[in-house]
Amino acid sequence: MTDKTETATLSSDATEVRAQKLKLLREKIGDVYPAHFHRTITNAELAEKYKDLESDIETTDVVTVAGRVYSSRNSGMFMDIHDAGGKIQIFSHKDVTPEAAREMLAMIDIGDIIGVTGTVRRTKRGELSINAQEITMLTKSLLPMPEKWNGIADVEIRYRKRHLDILSNEESKLRFQQRSKILSGIRRFMEDDGFMEVETPMLHSVYGGATAEPFKTHHNTLKLDMYLRIAPELFLKRTLVSGLTDKVFEINRNFRNEGVSTRHNPEFTMMECYWAYADYEDIMDLVERLFEKLALQVHGTTEFPFGDKQLSFKGPFKRVPMPDAVKEVTGIDFLAIKTDEEARAAAKAAGFEVEKDWTWGECLAFIFEEKVEGTLIQPSHVTHFPKDISPFAKEVPGEPRLVERFETYCNAWELGNAFSELNDPEEQRRRMVEQLEQAHARGEKDKQLDDEFLDAIDQGMPPAGGLGIGVDRLTMLLTNAPSIRDVILFPARKAKAD
RNA sequence: GAGAGCGUAGCUCAGCUGGUAGAGCAACUGACUUUUAAUCAGUAGGUCAUGGGUUCGAGCCCCAUCGCUCUCACCA
C-alpha cells in the first residue's frame with residue numbers, strides 16, 4: 001500500500017496529511033466513500049450478545065461492524081471504533097489479520113469511519129474485540145478529531161459545530177438522545193390519553209394567541225405579509241369547534257422575535273393541547289401525570305437532581321392562588337384591595353416601582369413575578385391569575401377580577417400555562433378588542449383582530465381546558481442542562497463574519 | 001437594548017508588575033507486537049480575534065470593531 005519513501009513525504013500538518021492519504025487511497029483502492037456496506041451487528045448488540053464471554057476466549061463467530069475510529073494504540077494494532085450506540089475494539093495482528101488488511105492501518109487516521117469483518121473474542125484484559133480479517137475504509141475524514149480527554153469545551157464551537165460537540169462529548173450525545181425520548185414520551189402520553197395530534201399553520205396572516213413580537217415575512221404570489229406563528233392556540237381552538245376531536249394537541253415550533261438567553265431561543269418547541277368538557281383543574285392533573293411519567297422514563301424515579309438542587313416530579317404539585325402567594329410573601333392582601341389606585345398605592349408603599357396606568361391585576365402580577373416566582377423551585381401550579389393579563393381564560397365564579405388559569409413553575413421557570421378556555425363569543429370579542437387597543441397604544445401597528453377565530457367561536461366552542469408546555473425547558477430540567485442551547489441541536493447564532 | 005467578563009497551536013489550557021511564545025492531546029519520523037488516557041525518543045505546528053494607539057519594547061496597557069459567555073430588560 002505505502003512504503004517508507006511515500007510516508008516520509010507526508011507533511012506534518014494534520015489536514016494536509018489526511019488529504020494526501022485520501023489521494024493515496026484513491027489510487028490504491030479506488031472508492032474511499034463506498035455506497036454499499038452492511039454491518040451484521042451494532043456495537044451495542046455485540047456487547048449485549050457477548051456480555052458473558054469470558055476473558056481470553058476466542059469464538060469462531062464472524063461479524064461485520066462499522067464505526068468511527070476514536071483511538072489507536074500500538075501503531076494501530078488496537079483501535080477503538082464507535083457507532084452511535086457503543087464501541088468495540090479492533091485487533092489487527094499478523095497472526096490473525098492478513099497482510100492486505102494490516103497495510104490499511106497506515107492509511108487510517110483517528111476520525112475515519114471504517115468497516116471491519118472478523119471473529120469475536122475477549123482479550124486477556126477483558127476487552128471485547130474483533131480479530132480483524134478485513135478492513136474497509138468507509139469514510140476518510142479530512143479534519144482532526146477534537147481533543148480526546150476534554151472534548152470540545154469552547155461553547156461557541158459546541159453550538160456552531162454541534163457535530164464536533166456530540167462527537168467528542170458523551171454528555172451532550174446522551175442529552176440529545178434523551179431529548180428525542182422525551183419528545184416521543186410526550187407524544188405517547190398524549191395519544192394514550194386519547195388526544196389527537198394535528199398540524200396547524202406556521203405561517204399566519206394574523207398573529208395571536210400570545211403576547212409577543214413576531215417574525216415578519218411575505219408571500220409573493222398572495223401579495224400577503226405573513227408572520228411566523230407565536231402560538232398555535234387560535235387554530236387549535238378552531239379545530240375544537242369543528243368537532244374533529246374532543247382532545248387535540250400539537251407539538252411544534254413557535255417563533256418569537258425577542259431576546260435570547262439561557263432560557264429563550266427565537267424558535268422553541270411547544271406542546272399545546274385542548275380538552276373539551278374539561279377545566280383547568282383537570283389540566284393540572286394532566287400536567288402532573290405527564291411530568292411524573294417523563295421523570296420515570298428519564299430517571300427511573302420521580303426524584304432527580306438539577307444543578308445543586310433536588311427536584312421531585314411526584315404529584316400532586318403544590319397549588320396556590322396568585323393572591324395568596326403574594327400575600328404570603330409580601331403581606332399585601334390584593335383580594336381586600338378594591339381599586340386600581342389602591343393597588344398601585346399598596347405596591348408603592350411596599351417599595352415597588354409601578355407605572356401610573358397599571359391596573360389592580362397588573363400590580364398583582366408584577367409583584368408575583370418580582371417576589372414569588374423566584375421561590376418556586378419544586379413544581380407548583382400558581383392559579384387564579386388576574387383577568388387583565390389573561391384574554392383567553394374564564395372568570396373565577398364570584399371573583400370577576402380573577403380567571404381560571406394556572407402556570408406551572410419549576411426551578412423558578414415558567415414551564416406551562418393553562419386555562420379553563422373562554423368560549424363566550426361576546427366576552428371573547430370584548431377582551432380581544434381590548435388587547436388590540438392596548439397593542440396599538442404600545443405602537444404594535446401590525447397587530448390585527450383575528451376575525452376568523454372570532455367567527456369560529458361564534459359558531460360555538462365546547463367548554464374546554466387548554467395547556468401549553470415549553471418542551472425545551474422541560475427537557476433542560478430532565479437532562480440537567482444549564483442552557484436552552486444545550487437541548488436545541490442547532491441554536492440561533494449570529495452570522496459569522498468570516 | 002444595558003452592564004460585566006472572555007478571545008493564545010487543530011483541540012484543552014498556562015503565560016507574574018510590559019522584556020525572545022509554553023505544556024498536554026492530535027499530527028509527523030522512528031522504537032515497541034496484547035494495548036485500552038498505551039509507552040519511549042525526536043520533529044513540526046502561532047498575524048496571541050481584527051484594526052489603530054502608547055512605549056526603546058505589547059499576548060499583557062489604552063481606544064474601536066467582531067464573536068462568545070453571564071446578568072438585567074422584553075418574553076416562554
Side-chain angles (χ1 to χ4, degrees), chain A residues 4 7-18 20-21 55-56 69-80 87-97 102 105-106 109-111 121-129 131 141-161 164-165 167-169 209-214 230-231 253-272 369 373 407-409 413-417 442 468-474 476 482-485 491 493-498:
Chain A
K4 280 181 185 175
T7 49
T9 65
L10 289 175
S11 150
S12 62
D13 177 76
T15 56
E16 243 177 77
V17 168
R18 285 162 187 261
Q20 288 169 22
K21 284 182 183 171
S55 293
D56 208 19
V69 178
Y70 268 68
S71 74
S72 172
R73 298 174 290 280
N74 290 37
S75 310
M77 183 162 65
F78 298 93
M79 284 185 292
D80 292 336
K87 70 161 188 172
I88 182 72
Q89 177 169 266
I90 305 301
F91 182 64
S92 304
H93 187 273
K94 62 173 183 260
D95 293 346
V96 298
T97 307
R102 280 189 296 126
L105 296 179
D109 291 302
I110 290 173
R121 63 179 287 230
R122 196 177 289 281
T123 64
K124 268 184 200 155
R125 304 284 182 91
E127 189 74 26
L128 190 65
S129 307
N131 281 349
S141 170
L142 297 180
L143 296 172
M145 284 279 276
E147 207 261 356
K148 66 180 170 184
W149 300 335
N150 303 299
I152 297 283
D154 183 324
V155 287
E156 187 179 353
I157 299 176
R158 287 187 52 215
Y159 298 149
R160 267 186 209 283
K161 300 191 177 185
L164 292 181
D165 174 37
L167 223 43
S168 66
N169 298 327
T211 315
E213 185 70 25
I230 56 173
R253 232 66 66 78
N254 288 349
F255 305 86
R256 298 190 184 174
N257 203 344
E258 283 163 358
V260 295
S261 79
T262 48
R263 288 174 302 283
H264 301 85
N265 197 61
E267 51 181 304
F268 64 101
T269 300
M270 181 84 111
M271 194 287 285
E272 208 161 290
E369 282 163 24
E373 219 178 75
E407 287 191 347
T408 304
Y409 287 86
W413 305 341
E414 185 188 339
L415 287 183
N417 184 16
R442 283 196 303 271
I469 292 277
V471 172
D472 308 282
R473 288 183 182 175
L474 186 55
M476 288 170 70
S483 168
I484 198 168
R485 285 175 286 246
R493 303 273 85 190
K494 270 192 192 172
K496 196 86 168 162
D498 60 10

Would you say the side chain of [Y] lies within less than 4.5 Å of the side chain of [X], judging by non-hydrogen atoms?
X: A:I484; Y: A:M476; value: yes
X: A:N131; Y: A:T97; value: no
X: A:P266; Y: A:V260; value: yes
X: A:L128; Y: A:Q89; value: no
X: A:E127; Y: A:K87; value: yes

OP1 or OP2 of [N] versus the side-chain N and O atoms of [X]: is any pair under 4.0 Å?
X: A:K21; N: B:C28; result: yes
X: A:R485; N: B:U69; result: yes
X: A:R256; N: B:A76; result: yes
X: A:K94; N: B:U33; result: no
X: A:S55; N: B:U34; result: no
X: A:R160; N: B:C68; result: yes

If you look at every strand shown and take non-hydrogen atoms under 4.0 Å, does [X] touch a base, only sugar-phosphate, or nothing?
X: A:N417; result: nothing
X: A:A212; result: nothing
X: A:Q89; result: base
X: A:L415; result: nothing
X: A:F91; result: base
X: A:R122; result: nothing
X: A:G468; result: nothing
X: A:N265; result: base
X: A:R18; result: nothing
X: A:G470; result: nothing

Original post:
On RNA chain B, nearest-nucleotide positions of A:S92 versus A:A153: which is more 5'?
Top reply: A:A153
Original post:
5'-most contact on RNA chain B: A:P146 or A:V260, nearest heavy atom basis?
Top reply: A:P146
Over how many whole Å does the gap from [X] atom [atom1] to [N] atom [atom2] extend?
X: A:D80; N: B:C25; atom1: CG; atom2: P; value: 17 Å
X: A:K148; N: B:G10; atom1: NZ; atom2: P; value: 19 Å
X: A:E16; N: B:U29; atom1: CD; atom2: P; value: 13 Å
X: A:E156; N: B:G5; atom1: CD; atom2: C1'; value: 15 Å
X: A:I230; N: B:A76; atom1: CD1; atom2: C1'; value: 12 Å
X: A:E414; N: B:C74; atom1: CD; atom2: P; value: 14 Å
X: A:I157; N: B:G10; atom1: CD1; atom2: P; value: 11 Å
X: A:K161; N: B:C68; atom1: NZ; atom2: P; value: 15 Å

Could you tell me how far [M] sits from [N] if I compare only their [atom1] atoms? Round to whole Å.
N: B:G46; M: B:G3; atom1: C1'; result: 34 Å
N: B:G10; M: B:U71; atom1: P; result: 31 Å
N: B:A14; M: B:C60; atom1: C1'; result: 14 Å
N: B:A9; M: B:G5; atom1: C1'; result: 24 Å
N: B:U69; M: B:C13; atom1: P; result: 15 Å
N: B:A58; M: B:A73; atom1: P; result: 44 Å
N: B:G19; M: B:G57; atom1: P; result: 14 Å
N: B:A49; M: B:G67; atom1: C1'; result: 8 Å

Original post:
With sequence neighbours excluded, what pairs up with A:M145 under the side-chain contact (heavy atoms from CB on, under 4.5 Å) test?
Top reply: A:R68, A:Y70, A:I110, A:L167
Original post:
What residues, two or more places apart in sequence or in another chain, satisfy side-chain contact (heavy atoms from CB on, under 4.5 Å) together with A:P491?
Top reply: A:Y159, A:R162, A:N265, A:R485, A:I488
Measure from the side-chain heavy atoms of [X] and tell me the nearest of [options].
X: A:E147; options: B:A26, B:U36, B:C25; result: B:C25
X: A:S71; options: B:A38, B:U12, B:U34; result: B:A38
X: A:M77; options: B:A76, B:U34, B:U71; result: B:U34
X: A:V17; options: B:G10, B:U33, B:C28; result: B:C28
X: A:R102; options: B:U33, B:U36, B:C68; result: B:U33

**OP:** Enumerate, in order of first residue number, the stems that involve RNA chain B, defined as 3 or more consecutive Watson-Crick or G-U wobble pairs with both distances under 3.5 Å.
**Re:** B:1-7 with B:66-72, B:10-13 with B:22-25, B:27-31 with B:39-43, B:49-53 with B:61-65
Original post:
Would a distance-only check, ignoring hydrogens and angles, find a side-chain to backbone donor-acceptor pair under 3.5 Å from A:R473 to A:R263?
Top reply: yes
**OP:** In plain terms, say whether A:D56 and A:R122 are close enough for a salt bridge, that is, a side-chain N and a carboxylate O under 4.0 Å apart.
**Re:** no
**OP:** Hey, could you give me the CG/CE distance between A:N254 and A:M270, rounded to the nearest 0.5 Å?
**Re:** 5.0 Å
Subject >> Ring-on-base stacking B:A76 with A:F268 (under 5.5 Å, under 30°) >> reply: yes
**OP:** Could you tell me whether the side chain of A:S75 has a donor or acceptor atom within less than 3.5 Å of a complementary atom in the base of B:C32?
**Re:** yes
Original post:
A:F268 ring centre to A:R253 NZ or CZ under 6.0 Å, with the angle to the axis within 45°?
Top reply: no
